[in-house]
*Asks:* 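One structure follows; several queries about it will come next.
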Number of protein chains: 2
Amino acid sequence: MATTPKRRLPVMADVAKEAGVSHQTVSRVLNDHPNVRADTRARVEEAISRLGYRRNLVARALVTKRSRMLGVVSFDTTLYGPASTIYGIEQAARTAGYFVSIVSLKSLDATSVRAAIDYLTEQGVDGVVVVAPQRSAGRALESLPSGTPAVAVEGTHRADVSVVCIDQFEGARLATRHLLDLGHETVWHVSGPPDWLETEGRLAGWRTTLEAAGRPVPPPLPGDWSPRTGYEAGRRLAAMDEVTAVFAANDQMALGVLRALSEEGVKVPDRMSVVGFDDIPESEFFSPPLTTVRQDFDAVGRRCIEALLRQIDSGPVAYERLVVPPAFIVRSSTAPAR
Amino acid sequence: MATTPKRRLPVMADVAKEAGVSHQTVSRVLNDHPNVRADTRARVEEAISRLGYRRNLVARALVTKRSRMLGVVSFDTTLYGPASTIYGIEQAARTAGYFVSIVSLKSLDATSVRAAIDYLTEQGVDGVVVVAPQRSAGRALESLPSGTPAVAVEGTHRADVSVVCIDQFEGARLATRHLLDLGHETVWHVSGPPDWLETEGRLAGWRTTLEAAGRPVPPPLPGDWSPRTGYEAGRRLAAMDEVTAVFAANDQMALGVLRALSEEGVKVPDRMSVVGFDDIPESEFFSPPLTTVRQDFDAVGRRCIEALLRQIDSGPVAYERLVVPPAFIVRSSTAPAR
DNA sequence: CCGCAAGATGTGATCGGTCATGTCTCAAGC
DNA sequence: GCTTGAGACATGACCGATCACATCTTGCGG
């Protein structure tokens with residue numbers, strides 16, 4: 001009963017009265033301003049805990065014009081990549097004292113991305129991270145009202161939107177190089193869906209490495225990240241006798257390839273080597289364990305937050321492009337050419 | 001230049017002046033209140049778009065005491081289950097006009113869960129969804145100040161916190177029954193980590209089904225959801241000649257089991273049948289494609305939001321327990337006993 | 001042609017904090 | 001002894017919306 005004499009939650013004024021000071025002093029204590037005498041501070045703190053007072057961050061946001069909330073717009077958060085990136089973002093944001101509000105989109109056309117950003121902005125976020133590795137999504141950022149702090153993961157080239165990305169080109173180069181070094185004449189590629197920047201980066205890394213080595217560049221087999229398309233590509237590859245090495249643009253598709261090859265009786269890695277991309281937790285236990293390219297999504301998330309907070313704190317900064325290097329993980333799905 | 005005569009973003013008063021009405025009328029238009037003449041409404045709307053006015057939701061939240069934001073506390077959002085559930089929650093919340101703020105925890109002890117909830121509450125969320133399928137997390141909910149709308153996914157038994165869950169017991173029963181029906185003498189089980197409600201539900205469903213059929217109940221092999229522990233369990237199972245059927249508590253561990261069996265030369269499903277739980281997108285392409293129990297996470301997300309909004313709109317409601325039925329998916333990892 | 005209720009609009013208070021500024025006290029410096 | 005300045009607080013305005021209530025129009029029955 002003593003705890004709830006009135007229904008209303010206690011506010012600063014209540015604490016002030018309880019402690020016998022002004023609301024301003026309570027505010028000073030809360031924001032630990034130096035100019036408060038120790039005993040006054042103690043009295044206020046006691047009053048706070050006695051009343052169970054909690055500061056109302058909405059009211060504070062209204063006057064400071066800082067909500068301490070960040071928005072994240074992402075494509076299908078069920079996928080391993082986005083999910084991991086968002087996890088990293090959330091962790092980093094929270095340690096920096098920020099909340100994260102998420103909008104996940106099933107379609108990443110410029111319109112929906114813009115709508116999502118507007119939505120978040122209206123709600124008062126201090127900045128936005130767009131995990132939208134598609135060209136079309138990048139375009140949405142280009143029309144962003146300048147002044148809104150924003151960071152993109154893998155996208156856009158607009159001068160005042162910073163970008164954090166993993167070096168896709170380098171990852172693809174590592175994968176292709178690895179296979180060539182094993183003595184394979186050339187490397188086939190199962191690519192991601194068009195319009196994705198990752199698709200393009202991996203495609204370019206693969207193609208360039210092949211060309212630099214003077215090897216034939218076979219036509220890439222189209223995929224959409226799903227195991228199913230990898231499976232379909234795998235069946236086609238199994239039928240071609242000359243194919244000895246395949247680089248799939250992600251681990252799920254590599255899994256599909258593995259499945260198809262196994263069905264067709266094509267032994268991996270004896271008759272064919274397979275490399276993936278992402279290093280999802282399952283890859284290590286595929287049959288056989290998958291050689292792949294690891295992406296450090298946590299680092300991406302951290303970098304995003306760092307870059308975003310920099311913009312929020314010190315205004316628009318020069319365009320930055322933060323590149324996180326990939327790591328190459330060799331397991332048992334690759335072997336020397338026969 | 002005409003667009004930004006002053007730096008400040010336009011506020012309601014600006015729109016009012018522009019349209020030659022009072023701020024209150026602008027508010028009426030925005031909240032489409034009926035008592036506004038059509039032409040006035042049009043004038044206001046025109047002024048709004050001319051000025052590029054966006055309503056400040058923070059200010060609105062301050063006076064309405066409704067932020068239209070929901071909080072979600074979840075364990076490791078990188079896992080397929082939580083990620084999918086959150087995706088469902090976010091979609092449902094957005095269509096209902098709510099934002100979602102997420103906190104993901106690496107540890108789910110009662111203290112951190114409480115801290116996370118407090119954190120979200122302080123920030124003004126209208127309600128909280130706790131995706132915390134662990135006993136310890138459930139305990140955190142029990143000490144929740146009553147009056148805070150909350151819904152738990154798979155957890156707690158507190159009378160005023162609604163629960164949405166998938167029928168784990170039934171899923172495990174389906175899996176076990178399927179294997180027994182195929183003629184297996186008994187079914188071994190690779191369980192999830194202790195303290196998880198899913199672990200307990202699946203364990204109970206498995207055990208009960210076995211007992212009801214009068215079959216021996218072998219000791220469950222402990223796992224932690226990761227493929228690695230499934231792999232370790234798989235090696236042990238491969239060494240035991242009498243084992244012909246295994247039910248792993250999730251697909252990742254089933255993958256590990258599959259891997260170990262393949263290494264040991266134990267053919268699946270010829271010599272051993274394996275069933276998983278979750279139906280992750282990869283399962284269909286395991287070697288062999290995995291027979292498993294599908295969980296409808298989207299439905300779980302939707303139900304959570306429905307239950308939560310019900311609480312927010314009409315105050316504390318009677319305890320509800322919404323159970324989503326699982327589906328059994330037969331693929332190629334199971335076969336009749338030899 | 002008046003009265004009066006419903007409809008259309010305006011006015012000022014309010015939400016719960018922070019910010020700018022003012023007042024008072026007290027020790028240091030001349 | 002009196003100025004000076006910094007520390008410790010208090011006071012009132014303000015952020016940008018909504019809410020309660022007041023006021024001014026209308027339309028319509030009598």
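Naming: A, B, ... by sequence-line order, numbering from 1 per chain.
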*Asks:* Are R302(A) and E306(A) within salt-bridge range, i.e. N to O under 4.0 Å?
*Replies:*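 Salt bridge absent between R302(A) and E306(A).
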*Asks:* So what does V21(B) hit on the nucleic acid, given a heavy-atom distance under 4.0 Å: a base, only sugar-phosphate, or nothing?
*Replies:* sugar-phosphate
*Asks:* What one-letter contact string describes nucleotides 17-28 of chain C from 5' to 3', where B marks a base within less than 4.0 Å of any protein heavy atom, S marks contact via sugar-phosphate atoms alone, and - marks no contact?
*Replies:* BBBB--------
*Asks:* Using whole Å, report how far CG of N35(B) lies from P of dC19(D).
*Replies:*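 Whole-Å distance recorded here is 14 Å.
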*Asks:* State, yes or no, whether a side-chain contact exists between R94(A) and L105(B) at a heavy-atom distance under 4.5 Å.
*Replies:* yes
*Asks:* Between dG16(C) atom P and Q123(B) atom CD, what is the distance in whole Å?
*Replies:* 17 Å
*Asks:* Can you list everything that forms a side-chain hydrogen bond (donor to acceptor under 3.5 Å, both in side chains) with S136(A)? Sequence neighbours excluded, please.
*Replies:*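 Residues passing side-chain hydrogen bond (donor to acceptor under 3.5 Å, both in side chains) with S136(A): D195(A).
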*Asks:* Could you check D39(B) against K65(B) and say which one's nearest nucleotide on DNA chain C is further toward the 5' end?
*Replies:*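 Result: D39(B).
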*Asks:* For S112(B) and D109(B), which I'm curious about, is there any donor-acceptor pair between the side chains at under 3.5 Å?
*Replies:*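 Per modelled atom types, S112(B) and D109(B) side chains form a pair under 3.5 Å.
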*Asks:* Starting from P on dA13(D), measure out to CG on L62(A) and report it in whole angstrom.
*Replies:* 17 Å
*Asks:* In whole Å, I'd like the distance from the NZ atom of K17(A) to the P atom of dA10(D).
*Replies:* 14 Å
*Asks:* To the nearest angstrom, how far is D32(B) atom CG from dT18(D) atom C1'?
*Replies:* 15 Å
*Asks:* With distance as the sole test, does D126(A) use its side chain to make a donor-acceptor pair with the main-chain N or O of S67(A) at under 3.5 Å?
*Replies:*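 Yes: the side chain of D126(A) pairs with the backbone of S67(A).
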*Asks:* What integer distance in Å separates R41(B):CZ from dG7(C):P?
*Replies:*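 Distance check: R41(B) CZ to dG7(C) P gives 14 Å.
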*Asks:* According to the interplanar angle, ranging from 0 to 90°, do the rings of F297(B) and Y80(B) count as parallel (below 30°), tilted (30 to 60°) or perpendicular (above 60°)?
*Replies:*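 Plane angle over 60°, so perpendicular.
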*Asks:* Using OP1 and OP2 only, check whether a side-chain N or O of T40(B) sits under 4.0 Å from dT9(C).
*Replies:*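 Checking T40(B) against dT9(C): at least one side-chain N or O falls below 4.0 Å of OP1 or OP2.
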